[in-house]
J.: 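Can you keep this structure in mind? I'll have questions shortly.
Throughout, protein chains are lettered first and strands after them, A, B, ... in sequence-line order, and every chain is numbered starting at 1. Because the structure is predicted, anything quoted here is derived from the model rather than measured.
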Number of protein chains: 4
Amino acid sequence: MSPRPVNKDEKRAEILDAAIRVFARDGYHPTKIEDVARQARVAKGTIYLYFTSRDDILAAAFERFADEALHGVRAIVEADGPALDRLHALVRAMVTGATAEPELARIVFDFWAVRGPGTGTVDFARIYAEYRRLVAVLLDDAAAEGAVRPDVPEQTPAVLVGLVEGVLLQWLVDPAGVAAEPAARTATDLLLAGLAPR
Amino acid sequence: MSPRPVNKDEKRAEILDAAIRVFARDGYHPTKIEDVARQARVAKGTIYLYFTSRDDILAAAFERFADEALHGVRAIVEADGPALDRLHALVRAMVTGATAEPELARIVFDFWAVRGPGTGTVDFARIYAEYRRLVAVLLDDAAAEGAVRPDVPEQTPAVLVGLVEGVLLQWLVDPAGVAAEPAARTATDLLLAGLAPR
Amino acid sequence: MSPRPVNKDEKRAEILDAAIRVFARDGYHPTKIEDVARQARVAKGTIYLYFTSRDDILAAAFERFADEALHGVRAIVEADGPALDRLHALVRAMVTGATAEPELARIVFDFWAVRGPGTGTVDFARIYAEYRRLVAVLLDDAAAEGAVRPDVPEQTPAVLVGLVEGVLLQWLVDPAGVAAEPAARTATDLLLAGLAPR
Amino acid sequence: MSPRPVNKDEKRAEILDAAIRVFARDGYHPTKIEDVARQARVAKGTIYLYFTSRDDILAAAFERFADEALHGVRAIVEADGPALDRLHALVRAMVTGATAEPELARIVFDFWAVRGPGTGTVDFARIYAEYRRLVAVLLDDAAAEGAVRPDVPEQTPAVLVGLVEGVLLQWLVDPAGVAAEPAARTATDLLLAGLAPR
DNA sequence: GATGAATGAGTTTTCATTCAT
DNA sequence: AATGAATGAAAACTCATTCAT
């Protein structure tokens, strides 16, 4: 009788997509369950068949976000080719991802603002640690290829990640005042110049 | 008839301090006017003698925050001494400011997350633009002193600001995983190496 | 999936009835939404599913009131029979309506007292104008029947309407001091005597 | 030291005047003690030195209103001259009083709307009774002068008072739709025609 | 499974009243 | 007497969550 073979997981994903769309447009706090329901074309009560609470949706949205982001990073890092090429590709991918859907990118502000218990306490520590680990892999490869000096400082992955995040942050907050792509490019170039062999 | 020893501005500042303290501890959204009142040791109604609404408090808190931060930056930039020393001092000051009161630093997450109308939509664009302008001044001085090459890329201030913000962001989100001070130091050194003359 | 037997319009009407009952007993201004909810046997929030605001309820109550009243007047005016009979019937109906439920009749005091914006400022002008128009029809008929002189003054409908309202007003304010029914009868007789042909 | 010799009663009267002015402009319910204080050029606390509560002010305003109104009526009734002249003068005075200051006249709506205890329960019964008594005196005089028939119905004073109030009510509610002065004149003429001797 | 009417705890905001100065 | 800062009870309104159908 059901037109599409919607199984539980698919439907959950559909609702989550709707939620993310609304969060992106209006922000998490102003968004009502009713808004999500409307966007997802289901009744309010249905939401509670797939999520235990409003916060649960936010947690799930974050999870989804982080997974996709890390997945993309991992794919680039583990691709073939010179390490520096992959590094540049990584930075470009982050910037493109953000600039393609600024509203979506702004969701991280909401994630960051979540505090204390209530949510499954959005686990940024794990995400960023993994992100840095992947960058470290890239830097090791680059060192092995002789593209950067062999003794890059331990903090370098944090620096690189911070650089990209910091540039994107400024762009998100003031798209007219900061050109994300050139700034990210400049950032990477300067950093790599500082890491140059010899 | 008696002017009452309580100065209106002072009292407003006291309440604002209380509010900021609570925002820092619990986050902006979860904070109730009642909480602020309790912290400020006044009755709920008193708050409304000094602020027109809950949002007005957030706006004022942000104003205060931005003013203090920019004021500090400006003082350092306009101090005497070699430009590079001042640059390092600036970075150190930002890091120290954040690490001294992490909870306070986290407030910016709340500011960022605020959307749409209600507040006069916190003007981050202006703040960051001014921040970058001051860093640009520092870079000009450094170039004049021959401490960096004369043709630093236009995006460099944004990169430098992003660097500090990005490193602090990671530290705020995972204090155990990122050492703010060394990471910031490393970051600055690498960038300056990349900007070295010749 | 189930349409639920509760009809939305019916429920709205039920709540409105409850509201009118409470307004009649306590007056509009002293009445709290909670009181209306209790009287209607629903929760506070339910009220807001059927009315957008407290003022909206007042407006609806007035609407209902005016509709019923005008409907009754119209029915009598458009009935068959000698014009004077209908006029007397009209006056009697107004008086009976008021005396049957004095508390309900007093509600108009609240309506009159409502000022400024908030409500769409209850449109008494329209109501009374229509009321006068209907009375004018009656007078025309009476003139055609030769029951009153052919040149009744233009203001007569206003005078007739005012008569009934003024008598009822005094009775509402002092039921013991003024007998509504005889006073209205006397009033009509005297006026009609003044309007007699010749 | 006080510039004007303001004694307690004078000041009370000043505040009351201010209150009435504000009530007339904005209506009783929307008016805040603060508004009255501002209008009276005193501090909020001062109001409470002359009135025990907000409702007390309304009661006093009503008292004042009723006293002035009845005083005017009494003066006209007890003046010299033919009874019918005095009757016409009375009606004219009521109409002129209302039309001169419509806003002020609308205050009675607020008075009427007051319910139950809380206020000193505005005593309209007494006021209207006295009003009717004075009109009755006029009618007796007129009968004695042969200007109306000797057996005017007992309800006539109530009818006359109602007529004037009813006409003014319609005018207050719709100044554009009802001409107070002509309508009142017509009302009196018709009534007197109905009461004519023979 | 799905719905959406109903609920009521929770929040912001207002404002009459008090009282220290 | 006068002031006006402070109070906190009260009220309107919101919205996450439940549950009968």
Side-chain angles (χ1 to χ4, degrees), chain A residues 1-2 6-8 11 29-38 41-57, chain B residues 1-8 11 15 29-37 40-57, chain C residues 1-8 11 15 29-37 40-57, chain D residues 1-2 6-8 11 29-38 41-57:
Chain A
M1 184 113 310
S2 50
V6 243
N7 68 4
K8 195 123 194 181
K11 184 120 184 195
H29 258 99
T31 296
K32 318 298 167 214
I33 288 286
E34 179 85 51
D35 301 331
V36 174
R38 198 175 310 117
R41 312 290 207 124
V42 297
K44 235 184 326 169
T46 307
I47 305 280
Y48 287 87
L49 299 175
Y50 296 89
F51 297 92
T52 65
S53 73
R54 190 171 172 277
D55 275 356
D56 187 31
I57 300 181
Chain B
M1 192 122 302
S2 55
R4 196 65 75 86
V6 193
N7 181 278
K8 208 120 208 253
K11 184 109 187 203
I15 293 177
H29 261 104
T31 297
K32 317 300 165 208
I33 289 288
E34 181 89 51
D35 302 333
V36 174
R41 311 293 209 121
V42 297
K44 229 178 333 150
T46 304
I47 305 284
Y48 288 88
L49 296 177
Y50 296 90
F51 298 91
T52 62
S53 71
R54 191 171 171 281
D55 272 356
D56 187 31
I57 300 181
Chain C
M1 193 120 301
S2 53
R4 195 66 73 86
V6 193
N7 180 278
K8 208 117 208 265
K11 183 109 186 200
I15 292 177
H29 260 105
T31 297
K32 316 301 165 208
I33 290 288
E34 181 90 50
D35 301 333
V36 174
R41 313 295 210 119
V42 297
K44 220 177 344 145
T46 305
I47 304 284
Y48 288 90
L49 296 177
Y50 296 89
F51 297 91
T52 62
S53 72
R54 192 171 170 281
D55 271 357
D56 187 30
I57 300 181
Chain D
M1 187 113 309
S2 51
V6 244
N7 69 4
K8 197 123 193 176
K11 185 120 183 195
H29 258 100
T31 297
K32 318 296 166 216
I33 287 287
E34 179 86 49
D35 302 330
V36 174
R38 199 177 308 116
R41 312 291 209 128
V42 298
K44 235 182 326 169
T46 306
I47 304 281
Y48 287 86
L49 298 175
Y50 296 89
F51 298 90
T52 64
S53 74
R54 190 170 171 278
D55 275 356
D56 187 31
I57 300 181

J.: Specify the separation, in whole Å, of atom CD of B:Glu34 and atom C1' of E:dA9.
T.: 15 Å

J.: Is the phosphate of F:dA6, meaning OP1 or OP2, less than 4.0 Å from a side-chain N or O of B:Tyr50?
T.: yes

J.: Could you say whether C:Ile47 or B:Ser53 is positioned toward the 5' end of DNA chain E, judged by the nucleotide with the nearest heavy atom to each?
T.: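 Looking at the nearest nucleotide for each, C:Ile47 comes out on the 5' side.
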
J.: Flag the pair A:Arg38 and A:Asp35 as a salt bridge only when some basic side-chain nitrogen lies within less than 4.0 angstrom of an acidic carboxylate oxygen.
T.: yes

J.: Measure the spacing between CZ of C:Arg54 and CD1 of C:Ile47 and express it to the nearest 0.5 Å.
T.: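 Taking CZ in C:Arg54 and CD1 in C:Ile47, the distance rounds to 12.0 Å.
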
J.: Does the side chain of A:Val42 reach to within under 4.5 Å of the side chain of A:Val36, using non-hydrogen atoms?
T.: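 The answer is no, as the side chains (C-beta and beyond) never meet within the 4.5 Å cut-off.
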
J.: Between P on F:dA10 and NZ on C:Lys32, what's the gap in Å once rounded to a whole number?
T.: 10 Å

J.: Considering non-hydrogen atoms only, spot the tightest contact between B:Phe51 and B:Ile15 and give its length.
T.: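 What the structure gives for the nearest pair is CE1-CG2, 3.6 Å.
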
J.: To the nearest Å, give me how far apart CD1 (B:Ile33) and C1' (F:dA6) are.
T.: 16 Å

J.: Grab the CD1-P distance between C:Ile57 and F:dA11 for me, whole Å please.
T.: 15 Å

J.: Report the distance from atom CZ of B:Arg41 to atom P of F:dT7, rounded to the nearest whole Å.
T.: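 Taking atom P of F:dT7 as the reference, CZ of B:Arg41 is at 12 Å.
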
J.: Looking at E:dA5, F:dT18, F:dC15, which one has an atom nearest to any side-chain atom of C:Leu49?
T.: E:dA5

J.: Whole angstrom is fine here: how far is it from NZ in D:Lys11 over to C1' in F:dA1?
T.: 8 Å

J.: Side chain of D:Ala43: nearest nucleotide among F:dT17, E:dG1, F:dT3?
T.: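 From the listed options, F:dT3 comes nearest.
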
J.: Starting at atom CG of D:Asp56, determine the distance to atom C1' of E:dT17, rounded to an integer number of angstrom.
T.: 14 Å

J.: On DNA chain F, compare the nucleotides closest to A:Arg54 and B:Thr46; which residue's is nearer the 5' end?
T.: B:Thr46

J.: Applying the Watson-Crick and G-U wobble criteria at under 3.5 Å, what pairs with E:dT21? Answer none if nothing qualifies.
T.: F:dA2

J.: For E:dT11 and B:Lys44 - does any side-chain N or O of the residue sit under 4.0 Å from the phosphate oxygens OP1/OP2?
T.: no

J.: To the nearest Å, give me how far apart CG (D:Asp35) and C1' (E:dA16) are.
T.: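 Going from CG in D:Asp35 over to C1' in E:dA16 covers 12 Å.
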
J.: For C:Tyr48 and C:Ile33: C-alpha separation, side-chain torsions, deciding distance, then whether side-chain contact (heavy atoms from CB on, under 4.5 Å) applies.
T.: CA-CA 9 Å; C:Tyr48 288 90; C:Ile33 290 288; 3.5 Å; yes

